[in-house]
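A quick write-up on the structure given underneath.
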2 protein chains.
Amino acid sequence: MEPTPQHVAAYFALMEAGALLQQLVEQQLRRDGDLSYIQFRVLAQLAEAPEQSLRMTDLADGVVYSRSGLTYQADRLEQGGLIARSPSPDDERSVTVTMTEAGREALERVLPGHIDLVAKELFGPLKEPDVTAMADVLTRVRDHLRTVPRGPATRRRPAAN
Amino acid sequence: MEPTPQHVAAYFALMEAGALLQQLVEQQLRRDGDLSYIQFRVLAQLAEAPEQSLRMTDLADGVVYSRSGLTYQADRLEQGGLIARSPSPDDERSVTVTMTEAGREALERVLPGHIDLVAKELFGPLKEPDVTAMADVLTRVRDHLRTVPRGPATRRRPAAN
DNA sequence: TATTGTTATACTCTATAACTATA
DNA sequence: TATAGTTATAGAGTATAACAATA
């Protein structure tokens with residue numbers, strides 16, 4: 001299975017573009033709101049959730065994280081006053097995470113620069129048809145990749161024990 | 001500047017596809033050759049270089065790394081016997097990094113699985129025209145992103161001091 | 001027994017600044 | 001003075017396993 005130069009170019013371009021864009025995004029989020037990308041995604045998920053609340057497990061699913069890793073990030077966000085944790089009403093084992101007013105403000109403080117950055121640095125060099133093609137192709141790639149078993153972060157139930 | 005749903009979809013798909021693919025790649029490299037992606041890239045660069053040798057600075061440029069970060073990785077690779085460091089002949093300040101035979105073997109041990117993985121998980125869901133479109137669009141995005149000043153890793157000379 | 005979440009711990013990686021040596 | 005590279009150190013993030021509490 002020899003890959004063609006086109007395949008090699010596409011692979012490298014995806015890996016490098018993804019890494020570079022993420023670096024820029026993290027830099028912007030850190031500068032404008034002292035947030036990591038993970039923390040930004042946690043807040044963004046809470047913002048879309050009913051009552052700005054989700055259980056820890058639901059957040060971990062969305063962010064593709066290990067449990068303890070999410071606990072770590074939740075600790076950070078709680079120390080900063082951006083989220084609050086409370087026992088869940090229905091299931092006493094669960095912890096409900098709620099975005100605070102300060103959390104919403106942090107998200108809103110960061111969003112305009114975020115949108116600007118993406119518009120300028122990602123879409124700047126593209127024309128409309130390019131955006132359509134990119135969304136089409138990468139959505140299919142992402143949807144496939146989501147189905148591929150990954151390491152510890154995804155393995156909720158070890159395959160064979 | 002309201003982004004269209006197409007723009008949002010393209011942005012999220014790129015970020016997530018890039019992250020998922022990188023996770024899979026790192027998992028494969030670790031499993032097949034106990035290499036991190038960075039270490040893999042260092043070895044790949046050395047493999048293409050004349051006499052399998054490059055200076056530390058050239059490597060840092062290629063891998064987009066801070067100096068001390070590269071020293072750390074070089075230490076690891078040297079401990080594993082995959083590279084060797086020697087004083088440069090022309091410039092006594094420089095260190096020339098050379099891939100050892102064990103380094104080449106590690107690279108070759110890892111490459112088939114790497115190519116298989118990418119063929120299957122990245123290009124599996126795509127048809128040929130998709131690959132062409134992806135290479136075209138993402139190459140332009142990457143080339144633009146390369147020109148954007150990033151954080152510490154790139155800042156060789158601080159802007160204004 | 002299984003699930004939710006936390007804790008303790010160790011490890012990897014990255015960044016900064018101070019430092020040595022050479023150009 | 002500037003450049004190449006290392007070192008010391010500190011900090012962020014992640015994974016594992018053990019744990020407590022609830023289902």
Side-chain angles (χ1 to χ4, degrees), chain A residues 19 22-23 26-27 29-31 34-42 53-80 83-97 150-158 161, chain B residues 19 22-23 26-27 29-31 34-42 53-80 83-97 150-158 161:
Chain A
Q22 191 167 348
Q23 278 185 43
E26 296 206 316
Q27 186 178 318
L29 293 173
R30 184 65 66 189
R31 174 168 40 75
D34 196 30
L35 293 175
S36 72
Y37 181 63
I38 299 284
Q39 293 167 346
F40 170 71
R41 288 201 50 192
V42 167
S53 298
L54 287 171
R55 297 181 312 145
M56 289 292 283
T57 296
D58 300 328
L59 278 174
D61 285 353
V63 180
V64 180
Y65 237 64
S66 69
R67 292 293 183 63
S68 63
L70 180 59
T71 296
Y72 172 80
Q73 293 294 346
D75 286 348
R76 298 264 146 179
L77 286 168
E78 194 171 40
Q79 280 167 29
I83 64 169
R85 278 187 278 198
S86 58
S88 298
D90 47 307
D91 187 334
E92 299 262 333
R93 294 172 303 181
S94 293
V95 167
T96 294
V97 177
R150 264 152 298 142
T154 310
R155 188 180 301 149
R156 311 293 298 278
R157 300 172 194 178
N161 271 357
Chain B
Q22 191 167 348
Q23 278 184 45
E26 295 204 317
Q27 187 178 316
L29 294 173
R30 185 64 66 188
R31 175 168 40 74
D34 197 31
L35 293 175
S36 72
Y37 182 64
I38 298 284
Q39 293 167 346
F40 170 71
R41 288 201 51 191
V42 167
S53 297
L54 287 171
R55 297 180 312 145
M56 290 292 285
T57 297
D58 300 328
L59 278 174
D61 286 353
V63 181
V64 181
Y65 238 64
S66 69
R67 292 293 185 63
S68 63
L70 180 59
T71 295
Y72 172 81
Q73 294 294 346
D75 286 348
R76 299 261 147 183
L77 286 168
E78 194 171 39
Q79 280 166 28
I83 64 168
R85 278 188 277 198
S86 59
S88 298
D90 46 306
D91 187 333
E92 300 262 332
R93 294 171 303 182
S94 293
V95 167
T96 294
V97 177
R150 264 152 300 142
T154 310
R155 188 180 301 149
R156 312 293 299 277
R157 301 173 193 177
N161 271 357

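Note that these values count all heavy atoms, side chains included, but never hydrogens, waters or copies made by symmetry. Letters A, B, ... mirror the listed sequences (proteins, then strands); counts begin at 1.
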Taking OP1 and OP2 of D/dA15, is either one under 4.0 Å from a side-chain nitrogen or oxygen of A/Ser66?
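Yes, such a contact exists.
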Starting at [atom1] of [X] and ending at [atom2] of [N], how long is that distance when rounded to a whole Å?
X	N	atom1	atom2	result
B/Arg55	D/dA4	CZ	C1'	8 Å
A/Arg93	C/dT4	CZ	P	6 Å
B/Glu26	C/dT12	CD	P	14 Å
A/Leu54	C/dT4	CG	C1'	15 Å
A/Arg30	D/dG13	CZ	C1'	11 Å
B/Asp61	D/dG5	CG	C1'	14 Å
B/Ile83	D/dG5	CD1	P	12 Å

Quick check against the 3.5 Å criterion: does A/Arg67 have a side-chain atom that pairs as donor or acceptor with the backbone of A/Met56?
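The answer is no, because no donor-acceptor pair under 3.5 Å joins these two groups.
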Ignoring hydrogens and angles, tell me if any N or O in the side chain of B/Arg76 forms a donor-acceptor pair with the backbone of B/Gln39 under 3.5 Å.
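Flag not set: sc B/Arg76 to bb B/Gln39 has no pair under 3.5 Å.
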Between [options], which nucleotide has the shortest distance from any of its atoms to the side chain of [X]?
X	options	answer
B/Arg76	D/dT22, D/dA12, C/dC13	C/dC13
B/Ser36	C/dC13, D/dG13, D/dA23	C/dC13
B/Thr57	C/dG5, D/dA15, D/dA4	D/dA4

Under 4.0 angstrom, heavy atoms only, what part of the nucleic acid is A/Ser88 near: base, sugar-phosphate, or nothing?
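It contacts nothing in the nucleic acid.
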Nearest 0.5 Å, please: how far is CD in B/Gln73 from OG in B/Ser36?
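Result: 4.5 Å between the selected atoms.
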Do A/Asp90 and A/Arg55 meet the salt-bridge criterion of a basic N to acidic O distance under 4.0 Å?
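The answer is no: the pair does not qualify as a salt bridge.
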Would you check if B/Val97 and B/Leu54 make a side-chain contact, meaning some heavy-atom pair closer than 4.5 Å?
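Of all side-chain heavy-atom pairs linking B/Leu54 with B/Val97, none is under 4.5 Å.
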Among residues at least two apart in sequence or on other chains, which ones pass side chain to side chain contact (heavy atoms under 4.5 Å, CB included) with B/Ser86?
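Side chain to side chain contact (heavy atoms under 4.5 Å, CB included) check on B/Ser86 returns B/Thr96.
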Holding to ring pair (Phe, Tyr, Trp, His ring centres under 6.0 Å), I want the full list of residues that pass it with B/Tyr37, two or more places apart in sequence or in another chain.
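B/Tyr37 satisfies ring pair (Phe, Tyr, Trp, His ring centres under 6.0 Å) with no residue once adjacent residues are dropped.
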Between A/Ile38 and A/Asp90, who's closer to the 5' end of DNA chain D by nearest nucleotide?
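With A/Ile38 and A/Asp90 compared, the 5'-side residue is A/Ile38.
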Protein N or O to nucleotides 6-10 of chain C N or O, pairs below 3.5 Å:
residue	atom	partner	partner atom	Å
C/dT6	OP1	A/Arg85	NH1	2.7
C/dT6	OP2	A/Thr71	OG1	2.7

